[in-house]
Amino acid sequence: TTSRLHRNYKIDETAIGRHNNDLDSGVSTGGGSWSEPASSYNAQIPYNRVTETVSGHVFEMDDTPTRERIRIQHGKGTFLEMHPDGNEVHKIIGDGYEIVLKDKKMLVKGMMYITVEGNAYVNVMGNKVEQIDGNYELLVKGHFKQTTQKTHSISTFGNMDITAGGPNPLGKLTITVPDRIFINGSTSVSGSLAAAMISSKGRVDAETGMSAGPLGFVTTLGGVSAGL
């Protein structure tokens, strides 16, 4: 029997029809969405050469003018289709595995969108280097935790702003160290500053007043000045 895909007959009952009725649509990218393209099938006799097995595997080489396609589909639904405009759709109905025994290089000359509807894990057993020539924005809607087992350095050639609490007036920033915090530069505090001990190699100025515990103010060199 000649395949219905060759004759373009009752296509809704074929692998093409099942595919077009089960498209993934509205896939979120965070700032937008995209949808899986439908098959570009519209075969005309005698252009579509079809091999179809009893278990449902299909191989098409379609030379229909303006609808040229190549499609390989497994009986369970996994398929690869090359469209007339050069686009390619690859869909796996099940788990997907890719193993490269040597190096792998990837070049994307346009936009790239990756959406993971479950959890994602990345394990780099060597070093990892990322270079971003434009801006970098990271939005975490849950908790964010970073752990470094050795030295952790952060540097910027411009200004750095850290905001805790956002619109919440009760937000706070907590820094915990086993010894002390070193600040190589001047420090300006617009609110209150409380500490068991404040040590400075330069001046400590207070615009509206300064208070001390029962031991008072202690200096090794010079005096203490406070605005009254």
Side-chain angles (χ1 to χ4, degrees), residues 23-37 70 72 74 76-83 85-168 170-190 193 195-202:
L23 300 174
D24 283 294
S25 61
V27 180
S28 173
T29 62
S33 65
W34 61 272
S35 297
E36 175 188 355
I70 296 177
I72 302 173
H74 187 274
K76 295 296 184 181
T78 295
F79 72 88
L80 172 68
E81 184 174 63
M82 304 173 194
H83 288 226
D85 54 6
N87 291 341
E88 179 180 294
V89 179
H90 183 196
K91 189 170 187 177
I92 300 174
I93 311 299
D95 296 333
Y97 299 87
E98 182 178 8
I99 299 172
V100 180
L101 298 184
K102 291 188 177 181
D103 297 339
K104 180 176 180 178
K105 301 173 178 63
M106 179 185 296
L107 172 64
V108 178
K109 292 190 175 182
M111 303 287 288
M112 183 173 182
Y113 302 94
I114 299 176
T115 300
V116 180
E117 294 185 347
N119 298 327
Y121 300 89
V122 178
N123 183 17
V124 180
M125 296 184 180
N127 298 326
K128 181 182 179 182
V129 178
E130 289 184 317
Q131 176 176 318
I132 300 168
D133 292 339
N135 298 327
Y136 181 26
E137 297 184 17
L138 176 64
L139 171 62
V140 180
K141 295 183 178 180
H143 299 296
F144 182 37
K145 179 181 180 181
Q146 282 186 322
T147 301
T148 304
Q149 295 183 348
K150 294 185 178 181
T151 302
H152 188 165
S153 300
I154 301 176
S155 62
T156 176
F157 292 158
N159 297 328
M160 178 180 290
D161 299 319
I162 300 176
T163 302
N168 180 8
L170 300 179
K172 63 180 181 179
L173 175 65
T174 302
I175 301 176
T176 303
V177 294
D179 187 7
R180 62 186 66 184
I181 298 175
F182 294 91
I183 300 176
N184 295 323
S186 301
T187 303
S188 176
V189 180
S190 60
L193 177 62
M197 182 180 70
I198 298 177
S199 175
S200 173
K201 294 182 179 180

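We use all heavy atoms of the structure for the numbers below, so side chains are in, but hydrogens, waters and symmetry mates are not.
- Of the possible donor and acceptor atoms, one in the side chain of Ser28 sits under 3.5 Å from a partner among the backbone N and O of Gly30.
- The two atoms that bring Gly77 and Ile93 nearest to each other are C-CG1, 3.4 Å, heavy atoms only.
- Listed here is the closest heavy atom pair of Glu36 and Phe79: OE2-CZ, 3.8 Å.
- Of the inter-residue distances, the one linking Leu80 atom CG with Ile92 atom CD1 reads 10.0 Å to the nearest 0.5 angstrom.
- To the nearest 0.5 Å, atom CE of residue Met160 and atom CD1 of residue Ile154 are 5.5 Å apart.
- Taking each heavy atom of Gly26 and Ser33 in turn, the nearest pair found is C-CB, 4.0 Å.
- More than 12 heavy atoms of other residues, nucleotides or ligands sit less than 6.0 Å from atom CG of Leu138.
- Residues satisfying the side-chain hydrogen bond (donor to acceptor under 3.5 Å, both in side chains) criterion with Ser25, sequence neighbours excluded, are absent altogether.
- Within 6.0 Å of CD in Glu88 there are more than 12 heavy atoms belonging to other residues, nucleotides or ligands.
- To the nearest 0.5 Å, atom CG of residue Leu139 and atom NZ of residue Lys141 are 6.0 Å apart.
- Summarising the geometry, atom CE belonging to Met112 is positioned 13.5 Å from atom OG1 belonging to Thr29; distances are rounded to the nearest 0.5 Å.
- Annotation: the span from Lys104 atom NZ to Ile99 atom CD1 amounts to 11.5 Å, rounded to 0.5 Å.
- Taken to the nearest 0.5 Å, the CD1 atom of Ile181 stands 5.0 Å off from the CD1 atom of Ile175.
- Not one N or O on the side chain of His83 forms a donor-acceptor pair closer than 3.5 Å with the backbone of Asp85.
- Few gaps surround CD1 on Ile132; more than 12 heavy atoms of other groups in view lie less than 6.0 Å from it.
- Looking at heavy atoms from C-beta onward, Gln131 lies out of side-chain contact with Val129 at the 4.5 angstrom threshold.
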Checking side-chain contact (heavy atoms from CB on, under 4.5 Å) for the pair Tyr113/Val27: CA distance, chi angles, key distance, verdict?
-> CA-CA 10 Å; Tyr113 302 94; Val27 180; over 6 Å; no

